[in-house]
Amino acid sequence: MLAAVLAAPAQAGRVSLMPGVSYERQLQFTPSGPVVVHILRAPRPGGLYALRPLLSNDTLLGRETVTSMQKRAAASANVAGVNGDLFTFDEGLPSGMLMQSGVLEAPPHPKRSSLGVTDDGTLLVDRVQMLGQWQGSGPLRALNGLNQRPGAQGISLFTPAWGVATPQASGTVEVVLEPFPPAAPGTDLVGVARQITTGGGTAIPRDGAVLVARGSAANKLAAESVIGQNMLVKLVLRPNWEAVADAIGGGPVIVRNGQPVFAALEDFSPSQLDPRNPRTAVGQLADGRIVMVAVDGRESGYSIGVTTFELAQQLVRLGAVTGTALDSGGSTTMAFNGKLLNSPSDPGGERAVSDSLDIFYYGVVVPQAPKPVLSPNGDGIAEVQTLSYKLVRPATVTATLIGPDRIPRQTETGVRNPGTYRIGWSGRIPGGRFEPEGRWRWVVNALDDLGQHSKVERRFDLNRTLGYLRVRPTRVVVHRRGGKQLRVGFRLAHPAVVTVTIRNARGGRVKTIRRRLRAGRRTIRWNGRYGNGVRAYTGMYSATVQAANTIGRTELERRFLVRRARR
């Protein structure tokens with residue numbers, strides 16, 4: 001089993017995507033081959049955070065990429081997440097449950113697990129059934145489906161989530177209800193019968209719904225629908241799930257009570273569960289935190305993927321006590337604010353899917369400073385730092401730039417509308433003098449119109465030690481018995497330990513030279529050979545110069561060409 005044979009994974013380190021939400025890429029080596037695992041971690045849903053599904057194109061019909069769904073949501077939140085439920089490839093219909101903000105849009109698959117998020121941020125993974133009823137002028141009768149084509153003797157309710165019109169069909173009776181409330185389960189849904197039609201293609205009012213029936217159910221619907229009279233619909237979930245506001249289908253359940261589930265006995269075939277494939281999962285830790293996993297696969301030499309049970313072991317290893325699988329294979333996707341984080345396996349890249357499951361963050365977002373080291377020394381590199389923050393709600397904002405002496409240098413305060421705000425900073429004070437070198441902090445506090453407070457701090461260095469890097473010649477010819485040497489020239493504003501690293505085009509280290517140097521113009525030479533004296537091969541190379549002192553570390557890089565002469 002995968003958990004028993006994992007060597008220490010190659011860690012890429014966690015990256016903060018937004019406050020409390022991190023991303024990590026792990027490379028794990030197994031006897032069967034490498035496995036690349038992408039991990040999202042987030043706080044327990046509540047307050048500034050939510051875990052919710054996004055529906056492709058805002059309708060059940062059709063498909064859309066996860067990155068596209070996130071881009072549409074970016075105006076109202078910062079979003080990170082994964083692909084969601086399985087779906088019909090031709091129409092994009094989810095195979096299981098979809099509920100958004102308490103409104104049921106697609107019913108659960110009774111033989112597969114659904115994932116629900118309660119009001120207090122708890123994840124529920126269970127098999128859920130929908131029991132429906134309708135009533136006109138006669139008794140309560142069974143309702144067989146929600147946004148599903150009715151069977152030969154069945155009746156289904158179509159809401160605006162389906163699309164603009166009911167599906168084309170013969171032998172149907174259709175009753176338009178308007179107005180009709182959102183389809184919240186566990187409540188009496190009452191609408192007024194406005195129109196009775198046949199044959200499908202009936203327009204679905206944006207504030208209404210349409211009952212569609214066939215066979216004996218059609219006869220009853222026609223007989224018991226009275227234009228201008230109220231009609232009742234009930235949608236009941238079993239188990240109740242009254243505390244669940246958002247839910248999505250998927251399955252199977254893979255973690256229960258902190259243990260991996262080997263056989264959930266759900267409606268999946270061995271061909272779906274057993275092969276090593278790209279796979280997606282979501283789980284919850286004992287303290288309520290959320291973890292999402294996307295495993296790349298079907299790429300020999302890069303990542304072979306995992307079985308469903310190995311996916312369960314991955315979640316348990318990350319601390320999950322509850323977890324479920326989601327759609328897998330070419331659908332497996334992880335993204336942040338519309339940018340891919342993993343490597344989807346389809347030849348065409350990211351696959352369009354029916355829905356996604358996403359972490360929403362509504363507080364202020366402050367990106368990392370684009371220049372980890374600001375170096376205003378006049379060489380034209382890293383001379384200006386661009387600092388920014390993003391709001392998705394109106395908020396009172398205080399943004400402060402604080403120096404290494406802990407004294408604020410710039411502060412702006414005011415009410416800001418949703419949007420992205422930027423300032424440029426040169427590291428100089430009026431008159432052109434330099435600000436102190438060292439670690440600087442960009443701190444943004446926001447209090448939004450709902451009274452929710454968020455704060456983010458980003459750090460960067462101001463360090464003028466290294467500048468004016470030049471390599472001469474830009475084309476180095478290495479002969480058997482000598483040749484021109486590469487001259488790596490630079491200027492030091494302060495004494496530093498300087499490390500010059502020569503790398504080939506693949507990033508392989510060719511030569512490392514380290515010197516302790518005083519301030520001023522300095523040059524370090526390289527003879528075009530490896531440490532063992534072997535001549536460098538023809539190709540592109542780079543020279544990276546790093547300077548380290550009490551102020552910090554800073555580095556610059558230049559590329560050049562090496563040609564290995566025949567003699």
Side-chain angles (χ1 to χ4, degrees), residues 50 52-62 64 69 72-73 75-77 91-94 97-108 130-137 140-141 143-150 154-169 172-214 217-218 220-222 224-237 241-242 244-248 354-355:
R52 294 173 178 161
L54 284 172
L55 179 60
S56 65
N57 308 296
D58 289 329
T59 58
L60 293 173
L61 289 177
E64 187 180 10
M69 293 183 221
R72 288 193 293 108
S76 59
E91 289 187 312
L93 285 172
M97 189 174 188
L98 184 72
M99 186 158 66
Q100 294 179 300
S101 301
V103 178
L104 191 62
E105 297 173 337
M130 186 194 80
L131 306 175
Q133 294 179 312
W134 70 274
Q135 184 177 35
S137 61
L140 280 171
R141 299 188 182 277
L143 178 74
N144 310 117
L146 170 66
N147 290 319
Q148 298 167 299
R149 293 176 176 86
I155 179 170
S156 183
L157 178 73
F158 285 83
T159 71
W162 171 267
V164 297
T166 60
Q168 295 288 344
T172 62
V173 171
E174 312 199 357
V175 177
V176 178
L177 306 176
E178 187 182 18
F180 190 82
T187 62
D188 288 348
L189 307 173
V190 179
V192 179
R194 297 296 184 186
Q195 182 183 6
I196 301 176
T197 63
T198 60
T202 301
I204 304 173
R206 296 304 301 171
D207 63 341
V210 181
L211 283 168
V212 178
R214 297 177 62 196
K220 294 183 177 89
L221 180 63
E224 298 173 14
S225 299
V226 180
I227 298 297
Q229 298 296 311
N230 287 345
M231 297 189 70
L232 172 68
V233 174
K234 289 185 176 182
L235 305 174
V236 180
L237 297 180
W241 274 27
E242 61 182 358
V244 171
D246 294 277
I248 194 169
S354 66
D355 50 29

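The model shown is predicted, which means the values in this text are computed figures rather than measured ones.
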Enquirer: Between L237 and V244, is there a side-chain heavy-atom distance shorter than 4.5 Å?
Expert: no

Enquirer: Does T187 have any side-chain contact (heavy atoms from CB on, under 4.5 Å) partners at least two apart in sequence or in another chain, and if so, which?
Expert: A184, L189

Enquirer: Can M97 and L104 be said to form a side-chain contact (heavy atoms from CB on, under 4.5 Å), step by step?
Expert: CA-CA 8 Å; M97 189 174 188; L104 191 62; 4.0 Å; yes

Enquirer: Grab the two heavy atoms, one from P182 and one from V103, that are nearest each other, plus how far apart they are.
Expert: CB-CG2, 3.7 Å

Enquirer: Check this for me: E91, atom CD, are more than 12 non-hydrogen atoms of other residues, nucleotides or ligands nearer than 6.0 Å?
Expert: yes

Enquirer: How long is the span from the CD atom in Q135 to the CG atom in L140, to the nearest 0.5 Å?
Expert: 4.0 Å

Enquirer: Are the side chain of D246 and the backbone N or O of P53 linked by a donor-acceptor pair below 3.5 Å?
Expert: no

Enquirer: Distance check, rounded to the nearest 0.5 Å: S354 atom OG versus L98 atom CG?
Expert: 8.0 Å

Enquirer: Given 3.5 Å as the limit, does a donor-acceptor pair link the side chain of Q148 with the main chain of L146, or not?
Expert: yes

Enquirer: For P205 and P160, which heavy atoms make the closest approach, and how far apart are they?
Expert: O-CG, 3.3 Å

Enquirer: Would you please name every residue forming a ring pair (Phe, Tyr, Trp, His ring centres under 6.0 Å) with F158, sequence neighbours left out?
Expert: W162

Enquirer: When you compare the side chain of F180 with that of M231, does any pair of heavy atoms fall below 4.5 Å?
Expert: no

Enquirer: List the residues meeting salt bridge (charged side-chain N to carboxylate O under 4.0 Å, His left out) with E178, not counting sequence neighbours, and say none if there are none.
Expert: none

Enquirer: Do you know the tightest heavy-atom contact between V176 and A203?
Expert: CG2-O, 4.4 Å

Enquirer: Do T166 and I204 touch side chain to side chain, with heavy atoms closer than 4.5 Å?
Expert: yes

Enquirer: State whether the side chain of T59 and the backbone N or O of G163 hold a donor-acceptor pair below 3.5 Å, judged by distance alone.
Expert: no

Enquirer: Quick one: side-chain contact (heavy atoms from CB on, under 4.5 Å) partners of A217, sequence neighbours excluded?
Expert: I155, A213

Enquirer: Roughly how far, to the nearest 0.5 Å, is the OG1 atom of T159 from the CG atom of L177?
Expert: 11.5 Å

Enquirer: Are side-chain heavy atoms of L93 and N147 found at a separation under 4.5 Å?
Expert: no

Enquirer: Enumerate the salt bridge (Lys or Arg N to Asp or Glu O under 4.0 Å) contacts for residues 187-214, please, sequence neighbours excluded, ordered by first and then second residue.
Expert: D188-K234

Enquirer: Looking at every non-hydrogen atom in both residues, tell me the closest pair between S225 and I196 and how far apart they are.
Expert: O-CD1, 3.9 Å

Enquirer: Return the set of residues passing side-chain contact (heavy atoms from CB on, under 4.5 Å) with E64 (not counting sequence neighbours), or none when no residue passes.
Expert: S56, N57, S68, M69, R72

Enquirer: Would you say D355 and Q100 make side-chain contact, with heavy atoms under 4.5 Å?
Expert: no

Enquirer: Ignoring hydrogens and angles, tell me if any N or O in the side chain of N230 forms a donor-acceptor pair with the backbone of V190 under 3.5 Å.
Expert: no

Enquirer: What distance do L55 atom CG and L60 atom CG have between them, rounded to the nearest 0.5 Å?
Expert: 5.5 Å

Enquirer: Side chains of E174 and T172: any donor to acceptor distance under 3.5 Å?
Expert: yes

Enquirer: Kindly compute the distance separating CG (L143) from CE (M130), expressed to the nearest 0.5 Å.
Expert: 5.5 Å

